[in-house]
J.: 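Pasting in a structure now, in structure tokens, and then I'll have a few things to ask.
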Amino acid sequence: MIGAGVGYGVLAAAGSSPWAAAVAAGVTLALNMTARTPQAPACATAVVIVLQAPAPARFVPLLLGATVLLVITGYAGSRIRRTAVRYPAYWW
């Protein structure tokens, strides 16, 4: 969701260009590192938003649903296996 917010923000401020996509990826990575959740798919989400400009009304709910599904799956998987690392390590 951080990547989507940054992507739409950069798209609104700088338009759709490869340089704007690079800036969006960099800002997304910096914010995710600050939140202690660095991941390449979030940066890719920001790049896709800047370069493709999907309609927010359709893209954001789909992304939110996928995010919730991933968190629930990770949480459930870590509770089923006794030897698994507990997920999440912390809640922010």
Side-chain angles (χ1 to χ4, degrees):
M1 296 309 297
I2 292 171
V6 170
Y8 281 115
V10 169
L11 180 63
S16 179
S17 73
W19 286 106
V23 168
V27 171
T28 299
L29 182 58
L31 290 175
N32 281 347
M33 299 268 305
T34 302
R36 295 173 36 182
T37 58
Q39 57 170 330
C43 297
T45 299
V47 169
V48 167
I49 288 173
V50 171
L51 294 178
Q52 298 295 320
R58 294 187 66 191
F59 188 77
V60 173
L62 179 63
L63 183 64
L64 180 62
T67 303
V68 169
L69 183 61
L70 282 171
V71 169
I72 289 172
T73 302
Y75 184 81
S78 74
R79 298 303 188 261
I80 291 172
R81 291 187 3 219
R82 294 184 189 267
T83 59
V85 176
R86 300 303 271 182
Y87 177 83
Y90 51 87
W91 290 96
W92 294 107

J.: Taking CD in Q52 as the centre, count heavy atoms belonging to other residues, nucleotides or ligands within less than 6.0 Å. Is the count above 12?
T.: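 Incorrect, the count does not exceed 12.
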J.: Test of understanding: with side chain to side chain contact (heavy atoms under 4.5 Å, CB included), list the residues that count as partners of V27, not counting sequence neighbours.
T.: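 Listed in chain order: V6, V23, L31.
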J.: Ignoring hydrogens, what is the shortest heavy-atom contact between A25 and C43? Give both atom names and the distance.
T.: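 Of all heavy-atom pairs spanning A25 and C43, the closest is O-SG, 3.6 Å.
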J.: The criterion is side chain to side chain contact (heavy atoms under 4.5 Å, CB included); which residues satisfy it with A20, sequence neighbours excluded?
T.: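 With sequence neighbours excluded, A20 shows a side chain to side chain contact (heavy atoms under 4.5 Å, CB included) to V10, A14, S17, V50, given in chain and number order.
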J.: Got a sec, which hydrophobics cluster with F59, joining ILVMFWY side chains under 4.5 Å apart, including via others?
T.: M1, Y8, L11, I49, V60, L63, L64, V68, I72
J.: Considering all heavy atoms of both residues, which atom of P38 and which atom of L29 are nearest to each other, and what is their separation?
T.: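 The answer is CB-CD1, 4.3 Å.
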J.: Measuring from Q39:CD to T28:OG1, what's the distance to the nearest 0.5 Å?
T.: 10.5 Å
